[in-house]
**Student:** 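After the structure tokens below, expect a handful of questions from me.
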Amino acid sequence: MKFASSYEPNQYEADIYGAWEAAGIFDPKITTKPVDDDGDGIDDRIEDGLENNTFETVRDNEIEQFDETEAIAESEGVRSAAAREVAPAAHGDGPAGRAPKIGDSSVSKTFSIVMPPPNANGNLHIGHGLTVALEDSLTRYYRLRGASSWYIPGADHAGFETWVVYERNLEAQGHTRFEFDRDELYARVWNFVAEQRGNMELQLRALGASCSWDDLTFTLDENVIDRVYTTFEKMWNDGLIYRGEKLVNFCPKHQTAFADIEVEHKDEKGTLWDIEYKLSDEPENNTFETVRDNGSGMSEEPRDDGRDEASRESVISSSLVVSTTRPETLFGDAAVAVNPNDERYKDLIGKHVKLPLTNRTIPIIADEHADPEYGTGAVKITPAHDHDDFEVGERHNLPRLQVISEDGHMINVPEEYNGLTTTECRKKVLKDLKDQGLLVGEKKIVHSVAHCYKCGTVLEPMLKKQWFVDVEKLAKTAIEHLENNEIKFHPASKKKVLINYLKGLKDWNISRQIPWGIAIPMFHQVGVEETSENVHSRPSATNEERGSEVSPVTTAVGAEQAESLLSASRRRPADDLWSTGRDERVENESFLTSNRLATDEPDWIFDRRTNLKEIEKAGVKYVRDEDTFDTWFSSSHWPIVCTNWTEENFNPYYPLNVMETGADILFAWVARMLMMGLYVTGEVPFKEVYLHGLVLDAHGQKMSKSKGNVINPMDLVTKYGSDAFRLGILRGRSAGMNQAFSEQSVISGRNLCNKLWNISRLIQSLIDENADGKAETIIESEGVRSAAAREVAPAAHGDGPAGRAPKIDNSSAYTTDYMGEDWICRELNNCLSQLEDDMKNYRFSEAVETLYQTIWDKYADWFLESQKIYKNIPLLKQTLETLLIALHPFAPFVTEAIWQNLSWTNGFIATAKWPARLKYDPISAEEFENIRNIVSEVRGTLQALPGTNNAKKYGLLFNNDSLIQDNQMLIKVLTKVPTINNLDGAPRGLRLALANHELYLDVPEKVVTEYKDALTERILAVGRELDALNLRMSNPNYVERAPAHLVKETQDQIAEKEQLISRLKTQQSLI
RNA sequence: GGGUGAUUAGCUCAGUUGGCUAGAGCGCUUCCUUUACACGGAAGAGGUCGGGGGUUCGAGCCCCUCAUCACCCACCA
């Protein structure tokens, strides 16, 4: 006996995965690596795969099968059951005469999907578990459907994440990063990663991911770097890359900048201080009043006229009070801004104030940024240390004075403050201001503060020269393609969200000051100091503003210079902008009309030789930029690099069929892949996007280490098996939603696997016992398989060494001899149709639910129970194969384990052919519902009777009912009653409430009497249902306006209920 | 401030273009150790679909409104 009494996943999973991998069944059938034996310059495998052989062969078979089976179907009057069997996607559900489609338009010839690369040296977490369950189910499903399926695995160097871990190690050993240069550090981290690597690959295998391992892409692979450099160069030439001096989000701990999207904002308590700035020149209007703190915190809202002295404390003075949470930055102030519409300060605009603690004077300017409602309405402007102030500075041409260094110390400040940390300096500034009587107010506030998402350090807005991507055109193009519905989103709402994001997208800082990453391939001319004169900073304006804006104003670039640079940009040739390799879908025109300023930096050159610190070109020496790329810059090429897309060759796997990833990186990743895909290839990189939500704990809480509620997927796999985990995590989950997950759902998955195992065990044992069972038609075939195997093998395991499926006429592989057999065929066909529909629409949870129900409630509970009597061996084989294949995408291991243990199957189920529709007699199938009703009624009544284990006590009596007569044995087995007989005289016992069958439970009168209450209750319940139906029919509008079939249905139901009530009443009167 | 989603059984969720007597899993109750499975079988209880309006013959579904919760983006001197 091959089948143990329960399924033990640990005994099978590793071996099965090993066998799959050894057999190479995860490789796509056609490859993107060129093979050109016939020397015609075209990849032979593409020629084969797409034009003649691979797929057409399959289709020819289908057409032949269709011709044969259609005739049979028609002669039997079974509408399209047989036709459906060869037209899996057609579902046969149109109007009666509609011709089924040949082939399957809903399944393309190739299916490609890339894995969001897990951290190369990390472990998989629950989110990866979900990702694999989703992606692998899709891959396996489309592989079974006959598509050349390519699931491309990846590994992420995880730039910043890994660097943080490594730097922590380094520090633990008493070193700092500054002891080494970038190349040394890179090599060290490389080795560090190499040592740790491999875990996650093993874990992906344990989860059953059917990915093509030979094609694993590491984010630092040479081809990735090559492609990234190619894109960067193209962007540089297209003027999409510029060197800008801007305020960037800088982590003083990790000494690197971040993109806006990487910043984590947290609400924190802080203090808002009011500081008095003295006017430096005597104001003409002496009546100006300084709004002062009223002693109880922040100042009250001043009155508009500002002259009602009785209402508040105010003084007439020659000063202005500003509010700030960062007093230490006052040394970097360039102005004080007031709102132009603020009557209180109108007269002060253009005047100057003297900065406290120093001798500088700064102007008072008018800017909308100052909110009259907030604080005193006057705000200090520190362009070098605040994002908003930076923009104000841009608008007013203010100098940017940096007073905080990258490591968080004060610079360019009076001697006594110089070198202090920002915290120390803040203390001292506050004390000194207080001593001078200039600190005039203090208020506790809650405000949002930017933090490093890794170490939690408060980020310092830092003025830095960095490489930026001008995203305007990229975003605009992406929006166009989105609005053109070229990508279908699941959930659909995310498309709108993405468009909104792209509309407001600001230029993208791609420079990172960490060594672990792809080096930026830019070199700076030796001896030419990079000053602000040759740095082109762009205002961080919105896209709308930017469209018309010509000249970004910096402190140093004068109007004259800007003009000359602008004309340089107009001269720039744009022939190769947006070139796409093979089709020109993106117009260059819009780009040419752009007014953007050229990035005409003669002192910077592009060069790929980033392994060299210094290079020479045309006799000029250049030195390497030491920064690396933001990882999202390279990750945005993921669909391109994973599929080996090139400008030269047609690639059947690009665009990807679907991009599956977490909804939380819609902006960071999906948006960027879309922009980059369009820019590089001219095509959207994927046709559909499926976004999954967060996996929460059982109580709907976010998993986190600090809460201690983290679920490790591998623990569950070890405990319950990979399939159980996959089934469990897919259940009750829908696209884009954060949803709870608990071990319980995995247990229920485990139970299903065990159920299926035991179903197979029963069938195998029936086969073993019935070697001489039903007459079986042996179909002659190529002799690849045993006769017994062939006869029932429409689900052809087509990928033997010969590479083609044995041709099998499955129309004669089995017959349906009794109505339960027709019924299960019908149910299985429905299951397949629903499954196909669910998969097409990415409704994984529903797909799994459908399978549960079919396997458990229908196949096991009704069909298999009935087969304990009928034993239709060919049909048992056929239907089991159907179920196994249908479940395989979700539970690959147990289905394969069973497949390998069954006596008649060959090959791998993983490469089997998707099951054909089963042939059956629909009238007979429908009739089986009568049996189910009878059995249910008997069971229900028995349970309602007083006493226990009634089934063993009372027999059944029927009155000349042919259906019951013919199915005595079956009814007896299903209801477990001891006897079933034709009534031999006057009716006796308890008449069952069946509308069309006269059936009695042979119980003593005493029991009948005790049952009376239950009966009365039942009559009332049915009566209520009847009333509701009658009410509906009594509404003339309903009869008039509702569709006829609904009205008819209601009438039928009324008739049925009336009949039922009359039976029940008869029964009652007998008591 | 802008946006998105959610609110259906004790819990976690389905409910696809409005047409059933609103479903599933888990949990719960009762019965059953029958040789595929106790990781099982059978039966059952449990919901005025967040509140209030409206449209319709008919609303969990469409419209308006209110409430609560969650998330995202921007801003917070």
**Student:** Please name the nucleotide paired to G27(B) by Watson-Crick or G-U wobble geometry with both distances under 3.5 Å, or report none.
**Tutor:** none
**Student:** What's Glu8(A) touching, base or sugar-phosphate or nothing? Going by heavy atoms closer than 4.0 Å.
**Tutor:**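 Touches a base.
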**Student:** To the nearest 0.5 Å, what is the distance between CG (Asn339(A)) and CG (Asp367(A))?
**Tutor:** 8.5 Å
**Student:** Could you tell me the separation between the CG atom of Leu756(A) and the C1' atom of C37(B), rounded to a whole number of Å?
**Tutor:** 11 Å
**Student:** Hey, are Tyr277(A) and Asp333(A) close enough side-chain-wise for a donor-acceptor pair under 3.5 Å?
**Tutor:**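 The answer is yes; a qualifying pair exists.
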**Student:** Answer with base, sugar-phosphate or nothing: what part of the nucleic acid does Gln739(A) contact at a heavy-atom distance below 4.0 Å?
**Tutor:** sugar-phosphate
**Student:** What's the gap between G60(B) and A14(B) when it is taken at their C1' atoms, as a whole Å value?
**Tutor:**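 12 Å, rounded to whole Å.
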**Student:** Answer with yes or no whether the side chains of Gln943(A) and Thr941(A) bring together a donor and an acceptor at under 3.5 Å.
**Tutor:**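 The answer is no; no qualifying pair exists.
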**Student:** Is any side-chain N or O of Lys868(A) under 3.5 Å from a base N or O of A36(B), one able to act as donor and the other as acceptor?
**Tutor:** yes
**Student:** At under 4.0 Å between heavy atoms, what does Lys495(A) touch on the DNA or RNA strands: base, sugar-phosphate, or nothing?
**Tutor:** nothing
**Student:** Counting only Watson-Crick or G-U wobble pairs whose two distances fall under 3.5 Å, which nucleotide matches A67(B)?
**Tutor:**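 Partner of A67(B): U7(B).
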**Student:** Minimum heavy-atom separation for Tyr345(A) to Gly377(A), with atom names?
**Tutor:**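 Taking Tyr345(A) first and Gly377(A) second, the nearest heavy atoms are CE1-C, 4.0 Å.
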**Student:** Can you find a side chain N or O atom of Trp856(A) that sits less than 4.0 Å from OP1 or OP2 on G41(B)?
**Tutor:** yes
**Student:** Starting from P on A38(B), measure out to OH on Tyr7(A) and report it in whole angstrom.
**Tutor:**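 After rounding, the gap between these two atoms is 17 Å.
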**Student:** Phosphate oxygens OP1/OP2 of G58(B): is one of them under 4.0 Å from a side-chain N or O of Asn1037(A)?
**Tutor:** no
**Student:** Could you check which of U33(B), A36(B), A42(B) has an atom nearest any side-chain atom of Ile759(A)?
**Tutor:** A36(B)
**Student:** Return the nucleotide paired to G1(B): Watson-Crick means purine N1 to pyrimidine N3 with N6-O4 or O6-N4, wobble means G-U with N1-O2 and O6-N3, both under 3.5 Å.
**Tutor:** C73(B)
**Student:** Of all the choices, A36(B), G15(B), A74(B), which nucleotide is nearest to the side chain of Glu846(A) once you look at every atom?
**Tutor:**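 Of the options given, the side chain of Glu846(A) lies nearest G15(B).
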**Student:** Could you go step by step and tell me if Lys719(A) and Glu743(A) meet the salt bridge (Lys or Arg N to Asp or Glu O under 4.0 Å) rule?
**Tutor:** CA-CA 10 Å; Lys719(A) 202 165 164 192; Glu743(A) 191 159 331; 2.7 Å; yes
**Student:** Report the base-pairing partner of G58(B) (Watson-Crick or G-U wobble, both distances below 3.5 angstrom), or none.
**Tutor:** none
**Student:** Could you tell me the separation between the CG atom of Leu945(A) and the P atom of A42(B), rounded to a whole number of Å?
**Tutor:** 19 Å
**Student:** Quote, to the nearest angstrom, the C1' distance that separates C49(B) from C20(B).
**Tutor:** 16 Å
**Student:** Of the nucleotides C73(B), C37(B), C39(B), which has the atom closest to the Lys755(A) side chain?
**Tutor:** C37(B)
**Student:** In terms of the angle between their ring planes, are Phe863(A) and Tyr859(A) parallel, tilted or perpendicular, with boundaries placed at 30° and 60°?
**Tutor:** tilted
**Student:** Applying the Watson-Crick and G-U wobble criteria at under 3.5 Å, what pairs with G40(B)? Answer none if nothing qualifies.
**Tutor:**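 Per the H-bond distance test, C32(B).
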**Student:** Judged by modelled atom types alone, do Tyr690(A) and Thr661(A) share a side-chain donor-acceptor pair under 3.5 Å?
**Tutor:**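 The criterion, which ignores hydrogens and geometry beyond distance, is not satisfied for Thr661(A) and Tyr690(A).
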**Student:** Scan Arg731(A) against the nucleic acid and name what it touches under 4.0 Å (heavy atoms): base, sugar-phosphate only, or nothing.
**Tutor:**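 Sugar-phosphate: the residue Arg731(A), judged by heavy atoms under 4.0 Å, touches backbone atoms but no base.
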**Student:** Can you tell me, in whole Å, how much space there is between the C1' of C26(B) and that of A45(B)?
**Tutor:** 16 Å
**Student:** Return the value, rounded to whole Å, for the distance between atom CD of Glu849(A) and atom C1' of U12(B).
**Tutor:**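 About 12 Å, once rounded to whole Å.
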**Student:** With RNA chain B as reference, determine whether Gln1053(A) or Lys494(A) sits nearer its 5' end, using the nearest nucleotide of each.
**Tutor:** Lys494(A)
**Student:** Please pick, from U16(B), C39(B), U30(B), the nucleotide with the shortest atom-to-atom distance to any side-chain atom of Gln943(A).
**Tutor:** U30(B)
**Student:** Look at all strands and tell whether Lys702(A) reaches a base, only sugar-phosphate, or nothing, counting heavy atoms closer than 4.0 Å.
**Tutor:** nothing
**Student:** Would you tell me whether Gln834(A) and Thr850(A) have side-chain atoms, one donor and one acceptor, within less than 3.5 Å of each other?
**Tutor:** yes
**Student:** Would you indicate what Tyr720(A) reaches in the nucleic acid, counting non-hydrogen atoms under 4.0 angstrom: base, sugar-phosphate, or nothing?
**Tutor:** nothing
**Student:** Would you tell me if any nitrogen or oxygen in the side chain of Ser734(A) comes within less than 4.0 Å of OP1 or OP2 on A14(B)?
**Tutor:**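 Result: yes.
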**Student:** Could you check which of C32(B), U30(B), G5(B) has an atom nearest any side-chain atom of Met737(A)?
**Tutor:** G5(B)
**Student:** Once you round it to whole Å, what is the distance between P of G40(B) and CD of Glu865(A)?
**Tutor:**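 To the nearest whole Å, that distance equals 14 Å.
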**Student:** Could you work out which one of U33(B), C73(B), A36(B) sits closest to the side chain of Phe667(A)?
**Tutor:**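 Of the candidates, C73(B) comes closest.
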**Student:** Thr329(A) and side-chain hydrogen bond (donor to acceptor under 3.5 Å, both in side chains): which single residue from Lys380(A), Arg426(A), His385(A) fits?
**Tutor:**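 Of Lys380(A), Arg426(A), His385(A), side-chain hydrogen bond (donor to acceptor under 3.5 Å, both in side chains) with Thr329(A) is met by Lys380(A) alone.
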**Student:** Return whichever of Asn949(A) or Arg733(A) has its heavy-atom-nearest nucleotide of RNA chain B closer to the 5' end.
**Tutor:**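 This one resolves to Arg733(A).
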**Student:** Both distances under 3.5 Å, Watson-Crick or G-U wobble: report the partner of U48(B), or none.
**Tutor:** none
**Student:** Pick base, sugar-phosphate or nothing for Lys496(A), based on heavy-atom distances below 4.0 Å to the nucleic acid.
**Tutor:** sugar-phosphate
**Student:** Nearest to the side chain of Ala1042(A), heavy atoms from C-beta on, is which of G19(B), A36(B), U33(B)?
**Tutor:** G19(B)
**Student:** Distance between the C1' atoms of G27(B) and G18(B), in whole angstroms?
**Tutor:**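 My reading of the C1' atoms in G27(B) and G18(B) gives 33 Å.
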**Student:** Just call it for Pro1043(A): base, sugar-phosphate, or nothing, with non-hydrogen atoms closer than 4.0 Å on any strand.
**Tutor:**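 Counting heavy atoms under 4.0 Å across all strands, the contact made by Pro1043(A) includes a base.
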**Student:** Looking across every strand, which nucleic acid part, if any, lies under 4.0 Å from Asp389(A) by heavy atom: base, sugar-phosphate, or nothing?
**Tutor:**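 The residue Asp389(A) makes no contact with any strand.
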**Student:** Starting the side chain at C-beta, find the nucleotide from A36(B), U4(B), C26(B) nearest to Val497(A).
**Tutor:** U4(B)
**Student:** Using the C1' atom as the point on both nucleotides, what is the distance between G15(B) and U7(B), in whole Å?
**Tutor:** 15 Å
**Student:** Just the rounded figure in Å: distance from C1' of G41(B) to CG of Asn758(A).
**Tutor:**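 Atom-to-atom, Asn758(A) to G41(B), this comes out as 13 Å.
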**Student:** Any side-chain N or O of Arg1032(A) below 4.0 angstrom from OP1/OP2 of U21(B)?
**Tutor:**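 Answer yes for this pair, as a side-chain N or O of Arg1032(A) is under 4.0 Å from OP1 or OP2.
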**Student:** Given A74(B), U33(B), U4(B), which nucleotide is nearest the side-chain atoms of Ser493(A)?
**Tutor:** U4(B)
**Student:** Pick the P atom in U29(B) and in U21(B), then give their distance to the nearest Å.
**Tutor:** 31 Å
**Student:** For U65(B) and U55(B), measure between their C1' atoms and round to the nearest Å.
**Tutor:**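 Those two atoms are separated by 15 Å.
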**Student:** Rounded to whole Å, please give me the gap between CG in Leu974(A) and P in C32(B).
**Tutor:** 20 Å
**Student:** Expressed as a whole number of Å, how far does the C1' atom of G51(B) sit from that of C75(B)?
**Tutor:** 33 Å
**Student:** Any salt bridge between Glu460(A) and Arg326(A), counting N to O under 4.0 Å?
**Tutor:** yes
**Student:** Between Ile261(A) (CD1) and A74(B) (C1'), how many Å, whole number?
**Tutor:** 13 Å
